[in-house]
Engineer: 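Dropping a structure here in structure tokens format, bear with me for questions.
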2 protein chains.
Amino acid sequence: MINYPIKRKIQTKTTNYANLGMTLESDIEASNLFYLNHDIAVIHKKPTPIQVVSVSYPARNKAKITEAYYKTPSTTDFNGIFKGHYIDFDAKETNSKTSMPLKNVHPHQIDHLKQVTKQGGIAFLIVHFKVYNEYYLLPANILFTFWDEQHEEKGRKSIPYDTFKTSCHQVPFGYQPRLDYLKVVEKYLLT
Amino acid sequence: MINYPIKRKIQTKTTNYANLGMTLESDIEASNLFYLNHDIAVIHKKPTPIQVVSVSYPARNKAKITEAYYKTPSTTDFNGIFKGHYIDFDAKETNSKTSMPLKNVHPHQIDHLKQVTKQGGIAFLIVHFKVYNEYYLLPANILFTFWDEQHEEKGRKSIPYDTFKTSCHQVPFGYQPRLDYLKVVEKYLLT
């Protein structure tokens with residue numbers, strides 16, 4: 001597999017917005033595989049929940065699903081363990097230059113991250129500002145503050161880019177692992 | 001469709017075992033919901049991984065999957081957090097009176113449970129002996145010992161029921177939660 005920087009850039013351009021979502025996800029999955037292979041952490045993406053309606057059996061031992069629908073996930077996409085700590089997060093992308101809209105986060109994901117935090121887990125979002133090609137680790141407590149205030153008078157419907165710059169932690173994009181978010185977790189979130 | 005009682009009886013018999021598997025799974029899921037609602041733990045079943053091949057869009061905003069296949073899970077079915085501890089396990093059932101066959105466990109599940117153990121997680125199986133209607137929590141280290149020895153000269157292809165009786169921990173079946181496996185975890189597995 002050739003992996004010239006310029007080739008990658010072209011791919012990014014042609015695959016555009018739909019696949020950019022895939023790219024953040026696959027960058028995180030590649031990082032998780034690196035962590036796993038180096039005994040650093042065991043973190044996996046959960047499968048997408050699917051409601052199966054009909055299954056046929058055209059060949060022995062090979063069930064073919066012929067009707068099914070995507071379900072809304074009840075938790076976040078990623079979880080696992082890192083040095084004895086429970087890790088739980090989701091990945092979000094935004095095209096905005098100025099903020100991450102809170103509508104990118106589902107209410108049940110907030111509930112889940114709050115439950116995880118209550119149990120002593122490490123909860124956060126990885127946010128990709130596509131315009132700047134910057135990745136930030138947004139600790140759950142900052143997310144909760146903006147989320148809970150959004151319906152108040154002074155509340156906002158988004159988290160400003162400036163908050164990411166000043167109060168969050170940038171995740172460097174590299175080669176191995178591509179997104180070394182656990183370095184950031186270790187430095188800032190473990191107590 | 002002819003539906004004589006005798007036919008019906010046959011159907012019930014054939015569906016039997018499949019539904020017992022659902023029952024253990026749903027008993028654990030009900031217990032997890034109890035734990036979640038009482039702020040005791042945040043443990044979820046992972047969705048079944050499905051490889052989607054074709055999707056159609058008969059109505060707006062409603063993707064219909066028209067061809068898909070079940071994939072082999074790469075991890076265990078259940079994970080989460082309990083009092084700051086990462087919890088990871090799978091559920092197994094056996095019809096045997098004398099042992100749990102090791103072929104009930106997939107090699108990748110063993111790999112995964114070993115990785116989790118290395119990171120300091122709490123790993124185990126919940127094993128249901130259907131004949132006795134008894135549930136046991138099998139700590140991962142006992143599982144690993146039998147697994148690793150199975151190809152040796154004195155190795156066995158199964159874990160004897162007697163090992164469950166003497167070295168594992170029975171999980172009581174109750175009302176709320178139905179299977180209070182975290183009580184067993186707290187008593188015997190947390191240090």
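FYI, side chains are in, hydrogens and waters are out, and symmetry mates aren't considered; it's all heavy atoms of this structure. Residue numbers begin at 1 in each chain, while the letters A, B, ... track the order of the sequences.
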Engineer: So for A:I40, is it side chain, backbone, both, or neither that comes closer than 4.5 Å to the heavy atoms of chain B?
Structural biologist: backbone
Engineer: Closest heavy-atom contact between A:P47 and B:P49?
Structural biologist: CB-CA, 3.7 Å
Engineer: When rounded to the nearest 0.5 angstrom, what distance separates NZ in B:K45 from NZ in A:K46?
Structural biologist: 11.0 Å
Engineer: Can you tell which part of A:V52 gets under 4.5 Å to a heavy atom of chain B, answering side chain, backbone, both or neither?
Structural biologist: side chain
Engineer: Sort by residue number and list every member of residues 65-73 of chain B having a non-hydrogen atom under 4.5 Å from chain A.
Structural biologist: B:I65, B:T66, B:E67, B:A68, B:Y69, B:Y70
Engineer: Please check if atom NZ in A:K114 has more than 12 non-hydrogen atoms from other residues, nucleotides or ligands closer than 6.0 Å.
Structural biologist: yes
Engineer: Hydrophobic cluster membership, with links at side-chain heavy-atom distances under 4.5 Å among I/L/V/M/F/W/Y: are A:M100 and A:Y132 in one?
Structural biologist: yes
Engineer: Check whether any side-chain heavy atom of A:T75 sits under 4.5 Å from a side-chain heavy atom of B:V42, and report yes or no.
Structural biologist: no
Engineer: Please round to the nearest 0.5 Å and tell me the distance separating atom CG of A:N79 and atom OH of B:Y86.
Structural biologist: 5.5 Å
Engineer: Only counting residues at least two apart or in another chain, list the ones meeting salt bridge (Lys or Arg N to Asp or Glu O under 4.0 Å) with A:D90.
Structural biologist: A:K92
Engineer: Within a reach of under 6.0 Å around NZ of B:K83, are more than 12 heavy atoms found that belong to other residues, nucleotides or ligands?
Structural biologist: no
Engineer: For chain A, which residues from residues 170-179 of chain B lie under 4.5 Å away (heavy-atom distances)?
Structural biologist: none
Engineer: Would you say A:V105 ends up clustered with A:L24 if hydrophobic residues are merged whenever their side chains have heavy atoms under 4.5 Å apart, either directly or through other cluster members?
Structural biologist: no
Engineer: Let me check something: do B:L182 and B:I126 share a hydrophobic cluster, defined by ILVMFWY side-chain heavy atoms less than 4.5 Å apart, either directly or through other members?
Structural biologist: yes
Engineer: Table please: side-chain donor-acceptor pairs of residues 160-168 of chain A below 3.5 Å, with sequence neighbours left out.
Structural biologist:
| unit_1 | atom_1 | unit_2 | atom_2 | d |
| --- | --- | --- | --- | --- |
| A:Y161 | OH | A:E134 | OE1 | 2.5 |
| A:T166 | OG1 | A:D162 | O | 2.9 |

Engineer: According to a 4.5 Å side-chain heavy-atom criterion applied to Ile, Leu, Val, Met, Phe, Trp and Tyr, with indirect links allowed, do B:L189 and B:I142 form part of one hydrophobic cluster?
Structural biologist: no
Engineer: Check each atom of A:K118 against the heavy atoms of chain B and say whether the ones under 4.5 Å are side chain, backbone, both or neither.
Structural biologist: side chain
Engineer: Is A:F146 linked to A:F124 within one hydrophobic cluster, defined over Ile, Leu, Val, Met, Phe, Trp and Tyr using a side-chain heavy-atom separation of less than 4.5 Å?
Structural biologist: no
Engineer: Looking at chain A, which one of B:G121, B:S56, B:G80 has the largest number of heavy-atom pairs inside 4.5 Å, strictly under?
Structural biologist: B:G80
Engineer: As an exercise, state the distance from CD of B:Q115 to CD1 of A:I43, rounded to the nearest 0.5 Å.
Structural biologist: 12.0 Å
Engineer: Tell me which of these, A:I87, A:V53, A:L36, A:V55, has more heavy-atom pairs under 4.5 Å with chain B than the rest.
Structural biologist: A:L36
Engineer: Closer than 3.5 angstrom, by distance alone: can the side chain of A:Q119 be matched with the main-chain N or O of B:D39 as a donor-acceptor pair?
Structural biologist: yes
Engineer: Select one option (side chain, backbone, both, neither) describing which atoms of B:S54 are under 4.5 Å from chain A's heavy atoms.
Structural biologist: neither
